[in-house]
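Have a look at the structure below before the remarks.
All values below were derived from every heavy atom in this structure, side-chain atoms included, with hydrogens, water molecules and symmetry-related copies excluded.
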Amino acid sequence: MSEEVLLMGPGPSPVSQRVLRALSRPLWGHLDPRFLAELDDASGALRLAFGSSARLTFPVSGTGSAAMEAAVVNLVWPGRRVLVLENGIFGERLLAMAQRAGGDVDRRSYPMGSPVDPEDVRRALRARAADVVAVVQAETSTGVKNDVDAIAALAREQGAQLIVDAVTSLGGMPVTMDAWQAAIVYSGSQKCLGAPPGLGPISVADTALAVRPEGTPVQSWYLDLGLIARYVGTERLYHHTAPISMVFALAEALRALREEGLEDRFLRHRKASSALRAGLVELGLASRVAPQDLLPSLTVVHPPKGLDEATLRRELLLAEGIEIAGGLGAWKGQAWRIGTMGESARLGPVLRTVGAIARVLRRGGVQVSPTAASEAATAAWESAR
Ligand SMILES: *Cc1c(COP(=O)(O)O)cnc(C)c1O
């Protein structure tokens, strides 16, 4: 049996042959000028994807959660007033980190499947000013897009530093750090960027770290952005050994991103998610997210009624070689999460997925038409803009 799996979950996403080859390149040292040139090249492409001109833009050694932690521990210290906007488990993770960092943390929570309400944020900030506002742009636990443009405007009015989680958005939809005037935006390598898990791209506004008072060092030595800046910046001072092979892989994935261009890439994600949704509707699987809140990188639907959804997913994986994900938290057993991220945001993987779900449903006794589903998906791919 083939061990190859088509990764259609919420990450990791599939990795292209050229990125896999980059992983097997012979190693260079972390101070080799050729390695540093490649790291700089990757950082340049990350600035493009982040819509950022910030000097300190680089991949954190660690997954998206490490980049999240880097953002939080560098901007939150004891007594700092933090407002976390939470509408799913990644917002909750931000909240937990801000509390651990000793912040004076307020939260505004919104029901799973709903976006953050900017009017409510305005009221919350009027009731209590914040030094830091944190929000997830693309909430991967529910497939909901938050209106970061509106939230960033409110943070700016207040003079609050803004942290944006762009883990499931970077490389799949617009991320506009400079326009937001965000303090820190971070992501992960294994979602829409199309690299393996293990790096957390981050961009830190030039003035973001200057507000920390003297005598309150960042609680994490490893994730102290001021220290890491001395390695990734011009000084090239050793901090920790860079994960060389992972940087090669990310740099290669980012070369592919540059070659494609951001606009074409975003369009491809929109077309793939439209195609997937059209196919799933034809199979009787309705979206859990309202049309205006949909993500181009992740589709979340109600699982089939009357069948055990976990059994169906296992059959999809073991008999069809396709991985999708179930729900998290309150949506456990009540959602299917299917990604169109990076390399999976193409018509081929979408059609394979729709066809395989149709077969699994038919084996479970559900009357569906694989042909109608694939025709609907193809038509949606062709008409999406
Ligand atoms: C996946 C994800 C993370 C965490 O990334 P890991 O790579 O799993 O550490 C954080 N935020 C969002 C929105 C995510 O989708």
Side-chain angles (χ1 to χ4, degrees), residues 5-11 13-14 112-113 138-145 168 172-173 191-192 267-317 319-328 331-385:
V5 172
L6 175 59
L7 294 165
M8 298 298 290
S13 66
M112 284 188 85
E139 178 49 77
T140 321
S141 59
T142 58
V144 167
K145 175 177 70 187
T168 291
M173 60 189 273
K191 307 220 175 164
C192 300
L267 174 62
R268 180 161 68 74
H269 282 77
R270 292 197 298 275
K271 287 165 85 85
S273 55
S274 297
L276 175 64
R277 283 193 295 272
L280 294 174
V281 163
E282 200 59 41
L283 298 177
L285 304 180
S287 175
R288 292 209 63 152
V289 176
Q292 69 276 12
D293 305 325
L294 290 170
L295 290 174
S297 48
L298 186 69
T299 293
V300 180
V301 294
H302 291 276
K305 289 190 191 71
L307 296 168
D308 180 49
E309 66 84 22
T311 306
L312 295 179
R313 281 190 289 114
R314 196 165 62 232
E315 194 179 329
L316 256 186
L317 177 63
E320 303 283 347
I322 297 180
E323 179 178 273
I324 66 169
L328 291 176
W331 281 12
K332 187 168 160 50
Q334 297 178 36
W336 274 5
R337 296 181 301 140
I338 309 179
T340 40
M341 301 182 175
E343 290 303 304
S344 68
R346 301 186 188 280
L347 184 58
V350 167
L351 290 179
R352 257 189 75 191
T353 304
V354 167
I357 292 175
R359 281 191 294 279
V360 168
L361 287 175
R362 277 159 75 103
R363 289 201 287 273
V366 185
Q367 296 303 314
V368 291
S369 163
T371 315
S374 96
E375 281 172 4
T378 305
W381 170 274
E382 275 158 11
S383 63
R385 288 291 165 270

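Ser141 and Trp331 get closest at one heavy-atom pair: O-CE3, 4.2 Å. The nearest pair of heavy atoms linking Leu347 to Ala275 is CD1-CB, 4.4 Å. Minimum interatomic distance between Leu298 and Pro10 (heavy atoms only, all atoms of both residues): CD1-CB, 3.9 Å. Nearest heavy atoms, Val368 versus Ala358: CG2-O, 3.8 Å. Listed here is the closest heavy atom pair of Ala356 and Leu316: CB-CD2, 3.7 Å. In terms of heavy-atom proximity, Cys192 sits nearest to Ser297 at SG-CB, 3.5 Å.
Using a 4.5 Å heavy-atom threshold, the side chains of Arg268 and Pro296 count as separate. Inter-residue side-chain proximity for Met8 and Pro349 is flagged as met; some heavy-atom pair is nearer than 4.5 Å. Within the 4.5 Å cutoff, the side chain of Gln334 has no heavy atoms near those of the His302 side chain. At least one side-chain heavy atom of Ile357 sits under 4.5 Å from a side-chain heavy atom of Ile338. By the 4.5 Å heavy-atom criterion applied to side chains, Leu361 and Leu283 are counted as neighbours. The closest side-chain heavy-atom distance from Glu323 to Leu6 is not below 4.5 Å. For the pair Trp381 and Leu351, the minimum side-chain heavy-atom distance is 4.5 Å or more. Side-chain contact between Ser287 and Leu294 is present, with at least one heavy-atom pair separated by less than 4.5 Å.
When atom types are taken as modelled, the side chain of His269 and the backbone of Met173 share no donor-acceptor pair closer than 3.5 angstrom. The backbone N or O of Lys191 sits less than 3.5 Å from a side-chain atom of Ser13, completing a donor-acceptor pair. In this structure, Arg288 contributes its side chain and Ala335 its backbone to no donor-acceptor pair below 3.5 Å. Not a single donor-acceptor pair under 3.5 Å links the side chain of Arg337 to the backbone N or O of Val300. No donor-acceptor distance shorter than 3.5 angstrom exists from the side chain of Arg359 to the backbone of Val354, with no hydrogens or angles considered.
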Given Lys271 and Leu267, is the side chain to side chain contact (heavy atoms under 4.5 Å, CB included) satisfied, shown in steps?
-> CA-CA 6 Å; Lys271 287 165 85 85; Leu267 174 62; 3.8 Å; yes
Show your reasoning for whether side-chain hydrogen bond (donor to acceptor under 3.5 Å, both in side chains) applies to Ser273 and Thr299.
-> CA-CA 7 Å; Ser273 55; Thr299 293; 5.4 Å; no
Begin from the C-alpha positions of Arg363 and Glu320 and carry the test salt bridge (Lys or Arg N to Asp or Glu O under 4.0 Å) through to its verdict.
-> CA-CA 12 Å; Arg363 289 201 287 273; Glu320 303 283 347; 3.1 Å; yes
Stepwise side chain to side chain contact (heavy atoms under 4.5 Å, CB included) check, Val289 with Thr142 | CA-CA 8 Å; Val289 176; Thr142 58; 5.5 Å; no
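Other residues, nucleotides and ligands contribute over 12 non-hydrogen atoms within 6.0 Å of the CD atom of Gln292.
Annotation: the span from Gln367 atom CD to Arg362 atom CZ amounts to 7.0 Å, rounded to 0.5 Å. In this structure, the separation between CG on Leu285 and CD on Glu309 is 11.5 Å, given to the nearest 0.5 Å.
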